[in-house]
Amino acid sequence: MTYDLVRGMYDILPDEIPWWQLAEDAVREMARRYNYREIRVPLVEHTELFTRGVGEATDIVTKEMYTFQDRGERSLTLRPEGTASVARAYLTHGWQTREPFQKLFYLGPMFRYEKPQKGRNRQFHQYGIEVLGALDPSVDAEVIAFAWSLMEILGLGGRILDCKETACQSFIAQAPGSADHLCPECAAHFEAVQGWLNRLGLAYDMDPRLVRGLDYYTRTVFELMSSDLGSQDTLIGGGRYDGLIEMLGGPPTPGIGFAGGLERLVLVLRERRANDVKTERLDLFIATVGEEGRRVGMKLATELRRLKKISISVDIDHRARTLRKQMAQANQLYARTVIVLGEDEARVGRGKLKDMDSGEEREVPLDPESLAELVYPACDDGCAGGCAGGCGGDSCSDHGN
Ligand code: HAM
């Protein structure tokens with residue numbers, strides 16, 4: 001018997017992970033720049049949170065939720081989105097009285113029973129931000145600016161954001177029918193948001209037909225689209241939800257945020273930046289010959305991995321393969337260096353370290369600290385002593401000395 005993947009669920013394989021990390025790192029970096037703090041809410045909530053929060057009549061609630069009874073006969077639901085949970089957490093922790101102004105971000109899996117297709121899955125991942133406790137139109141502008149900056153830092157700022165013809169980027173005030181029928185305060189808010197967007201140089205299209213599938217929205221709603229995505233073309237969707245906290249039993253508290261699908265972002269990144277994600281290289285492969293070589297090799301590998309001051313990646317053969325096969329494995333791992341250890345090397349405590357790019361070999365001691373110093377990759381950015389956190393790390397360092 002074989003087990004298939006559940007429909008709409010999928011594995012994210014190691015080769016794809018660098019793209020995910022690129023996207024996730026950009027979200028974290030932007031959250032740092034805009035000063036949003038991370039929040040991690042549970043995957044499971046009481047069903048009522050979503051029926052009330054997202055809206056009883058929405059597609060999400062009527063057709064798409066993964067709802068089940070636990071053994072205590074409570075009706076629970078796998079979260080279909082993050083906003084209701086963040087609003088719940090706000091109240092659970094009494095922030096409405098203690099610290100009513102919150103700027104938060106999150107990343108994680110969501111679940112919706114939808115028809116699977118490109119860019120639409122039943123388990124998918126969202127990154128999102130939420131600002132609670134401020135009604136000023138400058139917050140709407142900051143949230144939209146965050147979405148922009150995120151695309152820019154990912155190198156997606158040109159076509160995607162600047163497109164004038166099709167709805168590359170849309171932003172409207174939610175209103176019955178069109179922006180012409182807004183209440184006076186809503187109209188003033190809408191105008192002020194546009195003023196901010198213009199002042200900040202953020203281009204946008206107005207789309208009076210924009211409909212968002214969640215009931216909690218008030219005033220501003222917006223989407224960011226990409227033509228690379230086919231029919232599921234919305235990269236990011238968001239808006240104001242000034243009544244949500246109150247609907248969940250809290251005091252009147254304004255809120256605004258957005259969420260984007262990581263799958264869709266990864267699809268666009270792979271399309272646009274196909275050559276930009278570099279294959280991770282192994283710093284050192286330890287090839288061994290015979291039992292003695294294996295014994296010394298395993299000890300050295302473990303000591304190297306446990307070093308406090310220098311961080312290098314090390315691997316070793318575990319299948320007693322021939323030296324030729326071990327060298328092939330080192331090549332497959334894009335190893336920068338290889339050292340071969342056999343009985344002789346074990347006896348004299350020295351070995352030959354091969355630079356796999358130049359082919360040069362040099363004799364080195366099997367002492368982990370000095371070997372790590374030799375293997376530690378020189379960084380492209382000109383840091384003389386390497387970089388804290390490895391190449392591409394935050395700053396130049398002398399290996400922490
Ligand atoms: P949403 O429009 O339902 O809004 O989802 C936001 C984004 O999540 C979509 O634009 C899309 O990129 C992604 N997404 C949604 N469903 C799927 C799916 N089945 N497969 C892959 N990606 C998907 C919300 O969830 C709101 N909570 C956004 C928000 C935050 N509004 C205010 N704050």
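Worth saying up front: this structure is predicted, and the values here are computed from it rather than measured. One-based numbering, in listed order, for ligands and for the atoms of each.
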For E16, all residues meeting side chain to side chain donor-acceptor pair (under 3.5 Å), sequence neighbours excluded: none

Contacts of type side chain to side chain donor-acceptor pair (under 3.5 Å), residue E361, not counting sequence neighbours: none

Between ligand 1 and the protein, find all N/O pairs closer than 3.5 Å and give the distance for each.
| from | atom 1 | to | atom 2 | distance (Å) |
| --- | --- | --- | --- | --- |
| ligand 1 | 2 (O) | R212 | NH1 | 2.9 |
| ligand 1 | 2 (O) | R212 | NH2 | 2.9 |
| ligand 1 | 3 (O) | R112 | NH1 | 2.9 |
| ligand 1 | 3 (O) | R112 | NH2 | 2.9 |
| ligand 1 | 4 (O) | R212 | NH2 | 3.1 |
| ligand 1 | 5 (O) | Q126 | NE2 | 3.2 |
| ligand 1 | 8 (O) | Q126 | NE2 | 3.1 |
| ligand 1 | 10 (O) | T234 | O | 3.4 |
| ligand 1 | 12 (O) | T234 | O | 3.0 |
| ligand 1 | 12 (O) | L235 | O | 3.2 |
| ligand 1 | 12 (O) | G261 | N | 3.0 |
| ligand 1 | 16 (N) | R112 | NH1 | 3.4 |
| ligand 1 | 19 (N) | E114 | OE1 | 2.6 |
| ligand 1 | 19 (N) | N121 | O | 2.9 |
| ligand 1 | 20 (N) | N121 | N | 3.0 |
| ligand 1 | 25 (O) | R112 | NH2 | 3.1 |
| ligand 1 | 25 (O) | Q126 | NE2 | 3.0 |
| ligand 1 | 27 (N) | E81 | OE1 | 2.5 |
| ligand 1 | 27 (N) | T83 | OG1 | 2.8 |
| ligand 1 | 27 (N) | Y216 | OH | 2.9 |
| ligand 1 | 31 (N) | Y217 | OH | 2.6 |
| ligand 1 | 33 (N) | T83 | OG1 | 3.2 |
| ligand 1 | 33 (N) | E130 | OE1 | 2.8 |
| ligand 1 | 33 (N) | E130 | OE2 | 3.1 |
| ligand 1 | 33 (N) | G257 | O | 3.4 |
| ligand 1 | 33 (N) | F258 | N | 3.4 |

Would you call E223 and R212 a salt bridge, taking side-chain N to carboxylate O under 4.0 Å as the test? yes

Do NZ/NE/NH1/NH2 and the carboxylate oxygens of R33 and E29 come within less than 4.0 Å? yes

Counting only heavy atoms not in E38 (residues, nucleotides, ligands), do more than 12 fall under 6.0 Å from its CD? yes

Write out all pairs satisfying ring pair (Phe, Tyr, Trp, His ring centres under 6.0 Å) with one or both partners inside residues 21-68, taking only residues at least two apart or from two chains. Y34-F146, Y36-F146, Y66-Y113

